[in-house]
Amino acid sequence: MKKTLMWRYLIIGGFCLLAVAASGVWLWLQHSKSLRNPPTPSVQGVNGEPAAPTPGARKSLADRRKGNKPSVQQQPAVGTEKKKPQRFIIDEVTLTPQEKIIQSRLQDALDNEDFAAIAALAKDPVFAKNAELRRELIAALSWFGVQSIQELTALLFDENQELAGEAFDAWVSALEELENPATKIQMLEAGLRALVDQDSIDYAMSLYNGLDDVPVVQSLLRIINGDNAEAAAAAREQYRLITGDDYESEKATAQWIADNTEPAEEK
């Protein structure tokens with residue numbers, strides 16, 4: 001009887017030991033698996049839900065897929081402080097003594113937020129000889145926004161298309177700050193005479209939207225009759241969208257303007 005009980009206890013004990021050993025092996029396997037495949041952390045949004053990627057992140061990824069170069073004059077997000085361009089870092093070995101003087105004056109004027117000094121420097125013929133100095137000038141002017149719209153408009157004519165593109169970005173940002181419709185139309189027209197890139201022309205044309213039709217049509221007429229064939233073609237399309245008819249002649253346009261101009265109120 002005693003031997004029977006002893007064997008029973010030995011068998012039960014053996015099963016317990018096997019169960020403990022099996023549990024240990026299972027836990028070790030799970031731990032090894034977790035080390036090989038660590039969980040990917042996720043950014044938590046509101047109420048613990050995964051946060052969606054920011055619009056800026058989506059745009060950056062899209063630009064990479066398309067192979068696009070990010071815009072030089074990207075605007076800061078709403079609520080953030082606009083930052084000045086960093087100190088200019090052209091290799092001084094490549095600058096002539098006169099260019100070094102101009103660069104120093106440009107930096108000092110930007111540090112002092114002296115727009116008048118920068119506008120005066122922009123007329124210096126030294127900039128015409130050095131593309132990197134013109135790049136610095138564009139960066140400095142962009143800091144002043146709408147205040148520098150005329151200077152930026154002049155830089156749209158740059159023969160260096162990369163610099164003309166940078167000037168365009170800054171020009172658009174300044175133009176969108178303009179509150180006076182007449183001045184906005186004037187600057188748009190001046191810029192469209194310089195633009196040659198079709199995408200830039202199309203975007204500039206879209207900035208006419210929301211402005212009074214009559215002065216816009218008058219501006220489009222001058223562009224149509226101007227020397228920039230690409231801008232003239234885009235102006236014809238914009239003309240058709242506004243008037244409902246294809247452009248025919250100055251006489252027909254004058255009649256449309258007369259028909260759509262409200263009579264002045266009698267005092």
Side-chain angles (χ1 to χ4, degrees), residues 69 71-76 82-197 200-201 203-205 207 219 222-223 225-232:
K69 184 178 180 180
S71 173
V72 173
Q73 296 297 336
Q74 292 178 348
Q75 293 301 298
K82 186 176 179 182
K83 296 182 179 179
K84 284 185 185 177
Q86 295 180 349
R87 292 193 67 85
F88 304 134
I89 53 174
I90 295 179
D91 183 2
E92 292 191 1
V93 175
T94 67
L95 296 178
T96 66
Q98 183 61 26
E99 288 171 342
K100 290 179 182 179
I101 292 172
I102 293 298
Q103 183 194 38
S104 178
R105 289 177 180 174
L106 182 62
Q107 183 66 66
D108 290 343
L110 180 60
D111 290 342
N112 295 324
E113 299 185 13
D114 188 348
F115 172 73
I118 292 177
L121 278 173
K123 301 174 183 178
D124 197 298
V126 168
F127 286 101
K129 303 174 183 178
N130 191 308
E132 289 306 313
L133 273 182
R134 295 200 301 281
R135 190 188 305 277
E136 293 183 354
L137 177 61
I138 293 168
L141 288 170
S142 68
W143 165 256
F144 295 93
V146 67
Q147 198 174 356
S148 63
I149 186 69
Q150 291 186 341
E151 289 75 18
L152 289 170
T153 302
L155 288 166
L156 294 176
F157 289 87
D158 201 307
E159 294 181 356
N160 183 316
Q161 290 304 300
E162 183 178 352
L163 290 183
E166 293 179 16
F168 176 75
D169 289 340
W171 177 76
V172 167
S173 297
L175 197 64
E176 290 175 340
E177 295 179 26
L178 273 175
E179 296 181 356
N180 185 297
T183 304
K184 188 169 187 176
I185 289 174
Q186 180 184 0
M187 292 295 102
L188 261 175
E189 184 179 329
L192 280 161
R193 290 175 181 170
L195 297 175
V196 294
D197 176 70
S200 298
I201 290 172
Y203 187 84
M205 279 292 171
L207 298 178
S219 176
R222 291 188 289 270
I223 296 172
N225 292 323
D227 297 330
N228 189 333
E230 290 82 4

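If you read the sequence from its start, that first residue is 1, and numbering goes on from there.
No more than 12 heavy-atom neighbours from other residues, nucleotides or ligands sit within 6.0 angstrom of CG on Asp227.
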Practice problem: Given side chain to side chain contact (heavy atoms under 4.5 Å, CB included), test Ile149 with Phe144 step by step and report yes or no. | Solution: CA-CA 9 Å; Ile149 186 69; Phe144 295 93; over 6 Å; no

Exercise. List the steps and the verdict of side chain to side chain contact (heavy atoms under 4.5 Å, CB included) for Glu179 and Lys184.
Key: CA-CA 7 Å; Glu179 296 181 356; Lys184 188 169 187 176; over 6 Å; no

Quiz item: Is there a side chain to side chain contact (heavy atoms under 4.5 Å, CB included) between Leu192 and Glu189 once you walk through the steps?
Solution: CA-CA 5 Å; Leu192 280 161; Glu189 184 179 329; 5.9 Å; no

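Between Arg135 and Glu162 there is a salt bridge, with a side-chain nitrogen of the basic residue lying less than 4.0 Å from a carboxylate oxygen of the acidic one.
For Ser200 against Leu195, the heavy-atom pair with the smallest separation is O-CD1, 3.9 Å. Here the shortest heavy-atom pairing between Trp171 and Gly191 reads CZ2-CA, 3.7 Å. The two atoms that bring Ala174 and Gly145 nearest to each other are CB-O, 3.4 Å, heavy atoms only. Considering all non-hydrogen atoms of both residues, Leu133 and Val126 come closest at CD1-CG1, 3.9 Å. The two atoms that bring Arg134 and Lys129 nearest to each other are NH1-N, 4.3 Å, heavy atoms only. Heavy atoms only, all atoms of each residue included: Ile185 and Ser219 are closest at CG2-CB, 3.6 Å.
Applying the salt bridge (charged side-chain N to carboxylate O under 4.0 Å, His left out) test to every pair with at least one member in residues 145-154, sequence neighbours left out, gives no pairs at all.
Remark: Tyr203 engages Phe168, Val172, Glu176, Ser206, Leu207 in a side chain to side chain contact (heavy atoms under 4.5 Å, CB included) (not counting sequence neighbours).
Separation of atoms CG (Leu156) and CG (Leu163) is listed at 11.5 Å; rounding is to 0.5 Å. If you take CG on Asp169 and CD1 on Ile138, they are separated by 9.5 Å, rounding to the nearest 0.5 Å. In this structure, the separation between CD1 on Ile118 and CD on Gln107 is 9.0 Å, given to the nearest 0.5 Å. We find the CZ-CG distance between Arg105 and Leu121 to be 7.0 Å, quoted to the nearest 0.5 Å. Going from atom CG of Leu137 over to atom OG of Ser148 covers 9.5 Å, rounded to the nearest 0.5 Å. To the nearest 0.5 angstrom, Glu166 atom CD is 12.5 Å from Leu141 atom CG.
Within the 4.5 Å cutoff, no side-chain heavy atoms of Pro97 are placed close to those of Ile101.
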